[in-house]
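First up is the structure itself, then whatever we jot down about it.
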Amino acid sequence: MWWGLPGDVSWAVDSIDPKVVIDGEWNYPYPPLHRYLLYLLYSPIILAANWGWIDLSTIFDSSLLRFLGRGLSVFMGTGIILIVFLTGLEVFKKRLPALLSAFFVLGIVSMVYYSKTMNVEVPYVFWFAGAMLFYVRAIESDRFVDYLLFFVAASLSVCTKDQAYGLFILPSIFLVYNHFKRAEKRPLIKTIIDFLIKLILPFLLGAMVFLAAHQILVDITVFIRHLGRLNSASYDASEFFVRSQNNIQEHLFLMYRFFRDIRFNLGWPLFAIALISILSCLFKRKEKSLLLCLLLPCLSYYLFFISIILYSRDRFLLPVCLILCLFCGDVIADFIEDRNKWRSRLKIGWVSVICIYSLMYANSVNLLMLQDSRYTAENWMGQNLDFPTELGYVGFLQYHPRYDRLEGVEAGGISPSNLSETVEKQSSPYIVTTRGYYRDRFPENTDEYRGFQALENSPSKYELVFEYKSSPIWNFLEIKTATEREFYDSRFKAGNFNKINPEIRIFKRVEN
C-alpha cells in the first residue's frame, strides 16, 4: 500500500487525486460514485481542517489521504473475495469449491495490483461481484429482494465505471426469460403483475440510483460534462474508443488479445483449468446450469463493450477473471474428491503445487513494488548528484523517481519532441529517462524517437552514469514488450504493469 509514498504524485497510474476529491471538481472520465465514498472516508479529516485542528496542506504533503484511499481499495478487494465465496456457496452448495474459488481470486494479477491503488477498478468489480451474488439468487428464488439488490448493485457498478454496463445486458435479459419460464403454469395476469413488481420495479429503483449518483435530476450538466469528458480529445484514452477499421482481421486480433490478457491475469495453470472447466460444464449442462449462467456476464461484456471498442486491456478483464475463478474452483474440487485415499492425497499434492504457483505468480506484483527500481535510483541520486543541481526528466512524472524527496534538486519535464534540442544545447546537467516512457512508444520517423536516439548516441554531449532495473528472485510475472504492431497502434501502448519497476537511466552532461 505504501508503494511510492510519500510523494507529490502517485506511481499508480490513473489513480484518483485526493485534492480533486476534496475540492469537489470531479475532473476524471469516470462516474462520481467512488468520489462520494472517498469524500465520506476523508470527512473526519476535512471537518478537523475546517475547525482549524489540522493543516490540510500538511495532510496532502504526508500522502495520508492517498494511503487512506488505497486502504478503501484493500477493503473492497477483501470484500470481493468474501462475495466470491458466498456466490460459490449459492452455486455449488458445497464449501470446498466455494473456498477454492475465493482462494483463486488471490491469484489474479490485476486484483493484486489494483486492490492497492486509488483506481476505480476494484471498486466497480466489488459492486459487480455483489450483483452476481444476487443474480444467482434471483435465478434460483425469483424473489423481489434479489432482483432489487441485483439491479441496485449493477447500477452502483456502472456508476463507478461506465464500461460495467456491458456486464449486465445479457444477465438482465436472462432474468426476464427465467422469470417467465418459471411462471409458465401461472395465470397470465398474475405473471404480468409479478413481472412488473419483481423485475420492472427493481429496475426502476436501480435507474433511480443511477440518476442520483450522477445528479441528473439536480443538475444534468454534471452528467453532460461527464459524457463530454469521455468523448473529449483532451482525454488521453479517447483515441482508444474510436476505430476506423471494423473487419474480421481486427476482430480476430481482438479475440487473441482478449484471451492473452486473461492468461496474463490468471497465469497459465488457472487459465488452462478454467478452459477445461468450461468445456466440462458444457457436457454437463443440466448439472452445471447455474454455473454456466455466470458465463452470460462475460459474453455480454465481450459483445457489448469489448467488441464495440475493439480494444482489450488486462484490467478490463478483471470481472471476467472473477467468474473464471468459480469455474476453477468447481473443476478442482471435483478433481480432488476421490474415494481412494492415496490417489486423493496425490491429487491434493498436485493441486497444492498449482495453488502455490498461482499465489507466487500474483505475488510477483508485490515483489516488484517492494523492489521498485526508483527507490534505488533515488538513493543513488542522493549520493552522487552534484548538489544543488537542475535535472530534466523525460515523460510523465508518475513514471519517475520522487524528485521532491531530493533536497537541492530542481526537476523539470522535457518533452520527448524537444529532447534532440536539449541534447544538442546541453541545456540540462542531468537527464533521466524511464522504460515506462521510452522511444519504443513512438514510430521511428518521429521527433520523439530521434530525440531518444540523440541522447543515447551523443557521448560527447551526455554520458550514461546510472542504469538500473531490479530483478526479484521469485518474480514469475512476464511483462513483455508489446509487439511491433501494438506499438504503432496507440490503443495497445498503454498498460500499467510495465510502469512497476521500470528501468531508470540517468545521463550526465559532458563538460567540454
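Here the structure is a predicted model, which is why all the values come from computation and not from measurement.
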Subject >> Heavy-atom pair with the smallest gap, counting every atom of Lys469 and Asn501 >> reply: CE-O, 3.4 Å
Original post:
Between Ser110 (side chain) and Asn265 (backbone), is there a donor-acceptor pair under 3.5 Å?
Top reply: no
Original post:
Would you say the side chain of Tyr124 lies within less than 4.5 Å of the side chain of Gln163, judging by non-hydrogen atoms?
Top reply: yes
**OP:** Apply side-chain contact (heavy atoms from CB on, under 4.5 Å) to Tyr30 and His34, showing your working.
**Re:** CA-CA 9 Å; Tyr30 306 120; His34 198 58; over 6 Å; no
Subject >> Heavy-atom closest contact (Val394 atom, Phe452 atom, distance) >> reply: CG1-CZ, 3.6 Å
Residues 354-361, side-chain donor-acceptor partners within the protein, below 3.5 Å, at least two apart:
residue	atom	partner	partner atom	Å
Ser358	OG	Ile354	O	3.0
Tyr361	OH	Phe264	O	2.6

Subject >> Stepwise salt bridge (Lys or Arg N to Asp or Glu O under 4.0 Å) test for Asp314 and Arg260 >> reply: CA-CA 9 Å; Asp314 42 53; Arg260 192 181 82 172; over 6 Å; no
Original post:
When rounded to the nearest 0.5 angstrom, what distance separates CD1 in Ile504 from CZ in Arg435?
Top reply: 12.0 Å
Original post:
Where do Met111 and Leu318 land on the side-chain contact (heavy atoms from CB on, under 4.5 Å) test, with the steps shown first?
Top reply: CA-CA 7 Å; Met111 183 72 180; Leu318 186 49; 4.0 Å; yes
Original post:
Would a line drawn from the ring center of Trp11 to the ring center of Tyr375 be shorter than 6.0 Å?
Top reply: yes
Original post:
Distance only, no hydrogens: is a donor on one side chain within 3.5 Å (strictly under) of an acceptor on the other, for Tyr403 and Arg405?
Top reply: no
Original post:
Are any of the side-chain heavy atoms of Asp162 and Pro31 separated by less than 4.5 Å?
Top reply: yes
Subject >> Closest non-hydrogen atom pair, Lys161 against Phe316 >> reply: NZ-CE1, 4.2 Å
Subject >> Charged tip of Lys499 within 45° of Tyr399 ring normal and under 6.0 Å >> reply: yes
Original post:
Is the backbone N or O of Asp447 less than 3.5 Å from a side-chain atom of Ser417, with the two atoms forming a donor-acceptor pair by type?
Top reply: no
Subject >> Pair Asp14 + Arg315: basic N to acidic O under 4.0 Å >> reply: yes
Subject >> Least distance between heavy atoms, Ser427 atom then Tyr462 atom >> reply: N-OH, 3.7 Å
Original post:
Between Arg450 (side chain) and Asn445 (backbone), is there a donor-acceptor pair under 3.5 Å?
Top reply: yes
Original post:
Hey, does Leu170 have a side-chain heavy atom less than 4.5 Å from the side chain of Leu303?
Top reply: yes
Original post:
Does CD belonging to Glu410 count more than 12 external heavy atoms closer than 6.0 Å?
Top reply: no
Original post:
Near Phe75 CZ, under 6.0 Å, is it more than 12 heavy atoms from other residues, nucleotides or ligands?
Top reply: no
Considering only distance and modelled atom types, tabulate donor-acceptor pairs under 3.5 Å from the side chains of residues 65-72, sequence neighbours left out.
residue	atom	partner	partner atom	Å
Arg70	NH1	Met1	O	2.6
Arg70	NH1	Trp3	O	2.9
Arg70	NH2	Trp3	O	3.2
Arg70	NH2	Ser10	OG	3.3

**OP:** Kindly state whether the ring of Phe210 and the ring of His214 have centres lying under 6.0 angstrom apart.
**Re:** yes
**OP:** Go through the steps to decide whether Tyr39 and Arg35 satisfy the test side chain to side chain donor-acceptor pair (under 3.5 Å), and finish with yes or no.
**Re:** CA-CA 6 Å; Tyr39 193 90; Arg35 175 210 160 196; over 6 Å; no
**OP:** Heavy atoms only: give me the nearest Leu33-Leu156 pair and the separation to one decimal.
**Re:** CD2-O, 3.2 Å
**OP:** Count the heavy atoms of every other residue, nucleotide or ligand shown that sit under 6.0 Å from CG of Leu217, and state whether that count exceeds 12.
**Re:** yes
**OP:** Run the salt-bridge test on Glu421 and Lys425 with the 4.0 Å N-O cut-off and return the result as yes or no.
**Re:** yes
**OP:** Indicate yes or no: at least one non-hydrogen side-chain atom of His400 is less than 4.5 angstrom from one of Val432.
**Re:** yes
**OP:** Examine distances only and state if a side-chain atom of Ser277 and a backbone atom of Ala274 form a donor-acceptor pair shorter than 3.5 Å.
**Re:** no
**OP:** Show your working on side-chain contact (heavy atoms from CB on, under 4.5 Å) between Phe104 and Leu324 and close with a plain yes or no.
**Re:** CA-CA 9 Å; Phe104 289 137; Leu324 294 181; over 6 Å; no
Subject >> Tyr430 and Phe507 aromatic centres sub-6.0 Å >> reply: no
Original post:
So which of Val120, Asn119, Thr117 actually passes side chain to side chain contact (heavy atoms under 4.5 Å, CB included) with Ile16?
Top reply: Val120
Original post:
Should Tyr468 and Glu503 be marked as a side-chain contact (heavy atoms from CB on, under 4.5 Å) after you check the CA-CA gap, both sets of side-chain angles, and the distance that decides it?
Top reply: CA-CA 6 Å; Tyr468 182 75; Glu503 182 181 73; over 6 Å; no
Original post:
With Ile323, which of Leu167, Leu294, Leu296 fulfils side chain to side chain contact (heavy atoms under 4.5 Å, CB included)?
Top reply: Leu294
Subject >> Student check: side-chain heavy atoms of Tyr113 and Met369 closer than 4.5 Å >> reply: yes
Subject >> Heavy-atom side-chain proximity of Leu37 to Pro123 below 4.5 angstrom >> reply: no
Subject >> Val423 and Gln426, any side-chain heavy atoms less than 4.5 Å apart >> reply: no
**OP:** Could you check if a side-chain atom of Ile46 sits within less than 4.5 angstrom of a side-chain atom of Asn50, using non-hydrogen atoms only?
**Re:** yes
Subject >> For the student: nearest non-hydrogen atoms of Leu5 and Arg402, plus distance >> reply: O-NH1, 3.2 Å
